[in-house]
2 protein chains.
Amino acid sequence: MALKMRKNVSPKPPESCPLTECMKIIGGAWTPNVIWSLRGGPRRFSELRVDIPPVSPKVLSTRLRELEERGVLTRTIMPTSPPSVEYALTPLGSRLIPAIEAIVEVGHELKERGLAH
Amino acid sequence: MALKMRKNVSPKPPESCPLTECMKIIGGAWTPNVIWSLRGGPRRFSELRVDIPPVSPKVLSTRLRELEERGVLTRTIMPTSPPSVEYALTPLGSRLIPAIEAIVEVGHELKERGLAH
DNA sequence: CGGGATCCTTTTTGATACTG
DNA sequence: CAGTATCAAAAAGGATCCCG
């Protein structure tokens, strides 16, 4: 016995499920951008569209609904005229910022090394 | 002038491009799992398949090629018999670990809160 | 063992147009 | 303004079989 005496019998990824779970959140198209845009404070639908020009209204609203469902952001209807809706990060949503920053950092390096595709 | 005196004229996401760039790396199916499996040291193709049972050989090899191309990992053919191939994280690849850990952490919380889907 | 080649299905995204 | 509806297009992933 003890045939395969590799140092790494498998790092054991018990967190790989939460990983997948969280990737579903930030993995959607434009999702990181939405969170990034909200990091400085609440923003309205049309403001987000300006922040992220290439996103279509359909995809944006889809992302926003998903993120609200998962407790990443809140949707508040402001009693103004014309009516407006504000989106803001929840505390949980804010916790995604460091993760995204880490990703940004590596992405940055990738560009510098010309490894971006 | 100064019509829109919102506090956040837009957090300005200049890094949103590297962000997208990096998301392309870790955004693929099973990619985080691959990196996670390699975090403890080099692994072979078939070992990765064991670590990540649901991944098909096609997708796994696709991911590995992408990751190699982007300098995240190295591919080394070992002169053994039968021949084997080892994959290992590069220093750049290792820098993704903290990012993934941050993601895992939030994913973990999501599960606890029952917000996972 | 370590994949490449195919083919097919599912999931996602995008473009437009239209409404309360 | 803040979306929804519809339709079409495209990625992405999965299943298999095969080969050096």
Side-chain angles (χ1 to χ4, degrees), chain A residues 3-4 6 10 16 19-35 37-38 42-70 73-88 117, chain B residues 3-4 6 10 16 19-35 37-38 42-70 73-88 117:
Chain A
L3 285 178
K4 296 183 150 189
R6 279 195 141 243
S10 165
S16 70
L19 203 185
T20 303
E21 209 45 63
C22 188
M23 283 307 294
K24 279 189 213 157
I25 296 182
I26 65 171
W30 312 117
T31 305
N33 307 262
V34 169
I35 297 173
S37 280
L38 291 176
R43 299 207 46 85
R44 293 164 42 187
F45 192 85
S46 47
E47 292 179 316
L48 290 171
R49 292 205 62 187
V50 173
D51 291 343
I52 316 162
V55 74
S56 73
K58 174 197 161 184
V59 172
L60 180 56
S61 83
T62 301
R63 286 298 96 85
L64 290 170
R65 267 186 283 113
E66 292 169 356
L67 293 172
E68 187 192 2
E69 238 185 304
R70 291 173 187 257
L73 55 78
T74 58
R75 178 176 182 275
T76 312
I77 302 174
M78 309 297 282
T80 59
S81 77
S84 65
V85 180
E86 280 206 344
Y87 295 90
H117 286 202
Chain B
L3 285 180
K4 297 183 151 191
R6 282 196 139 241
S10 167
S16 71
L19 203 186
T20 302
E21 208 44 61
C22 188
M23 282 307 293
K24 276 188 214 159
I25 297 182
I26 65 172
W30 313 116
T31 304
N33 306 261
V34 169
I35 297 173
S37 279
L38 291 177
R43 305 228 9 106
R44 292 165 43 187
F45 192 85
S46 45
E47 290 178 318
L48 290 170
R49 291 204 64 187
V50 173
D51 292 343
I52 318 162
V55 74
S56 72
K58 172 199 165 184
V59 172
L60 179 57
S61 82
T62 302
R63 282 302 93 85
L64 290 170
R65 265 187 283 114
E66 292 169 357
L67 292 172
E68 186 191 3
E69 239 186 305
R70 288 167 189 263
L73 55 78
T74 57
R75 178 175 182 274
T76 312
I77 302 175
M78 310 296 284
T80 59
S81 77
S84 66
V85 181
E86 280 205 344
Y87 295 90
H117 286 202

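Here is how names work: the chains are called A, B, and so on, in the same order as the sequence lines, proteins then strands, and each is numbered from 1.
Inter-residue side-chain proximity for A:F45 and A:V85 is flagged as unmet; no heavy-atom pair is nearer than 4.5 Å. Side-chain atoms of A:L73 and A:I35, non-hydrogen and from C-beta on, never get closer than 4.5 Å to each other. Contact annotation: the side chain of A:L64 never approaches that of A:R75 to less than 4.5 Å [non-hydrogen atoms, C-beta and beyond]. Looking at heavy atoms from C-beta onward, A:I52 lies in side-chain contact with A:V34 at the 4.5 angstrom threshold.
Boundaries of the chain A contact region on DNA chain C are C:dT13 to C:dA15, first to last in 5' to 3' order (nucleotide atom under 4.0 Å from a heavy atom).
Here the CD1 atom belonging to B:I26 is positioned 11.5 Å from the CZ atom belonging to B:R70, to the nearest 0.5 angstrom. The distance from the CZ atom of A:R63 to the OG1 atom of A:T31 is 4.5 Å, given to the nearest 0.5 Å. Rounded to the nearest 0.5 angstrom, B:W30 CH2 and A:T20 OG1 are separated by 6.5 Å.
Atom pair A:M78:CE and D:dG3:P shows a separation of 13 Å (rounding to whole Å applied). Computed from coordinates, the A:R49 CZ to D:dA2 C1' distance equals 10 Å when rounded to whole Å.
Not one side-chain nitrogen or oxygen of A:R44 sits closer than 4.0 Å to the OP1 or OP2 atom of D:dC1.
Remark: B:S81 pairs with no residue by the side chain to side chain donor-acceptor pair (under 3.5 Å) rule, at least two apart or across chains. Residues passing the side chain to side chain donor-acceptor pair (under 3.5 Å) test with B:R65, sequence neighbours excluded: none. Not a single salt bridge (Lys or Arg N to Asp or Glu O under 4.0 Å) links B:K58 to another residue, sequence neighbours left out.
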Can you give one letter per nucleotide of nucleotides 4-20 of chain D, going 5' to 3': B for a protein heavy atom under 4.0 Å from the base, S for sugar-phosphate only, - for none? BBBB-----BBB-----
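Comparing the helix axis at one end of the helix from C:dC1-D:dG20 to C:dG20-D:dC1 with that at the other, each defined from 5 consecutive pairs, gives an inter-axis angle of 50° (nearest 10°).
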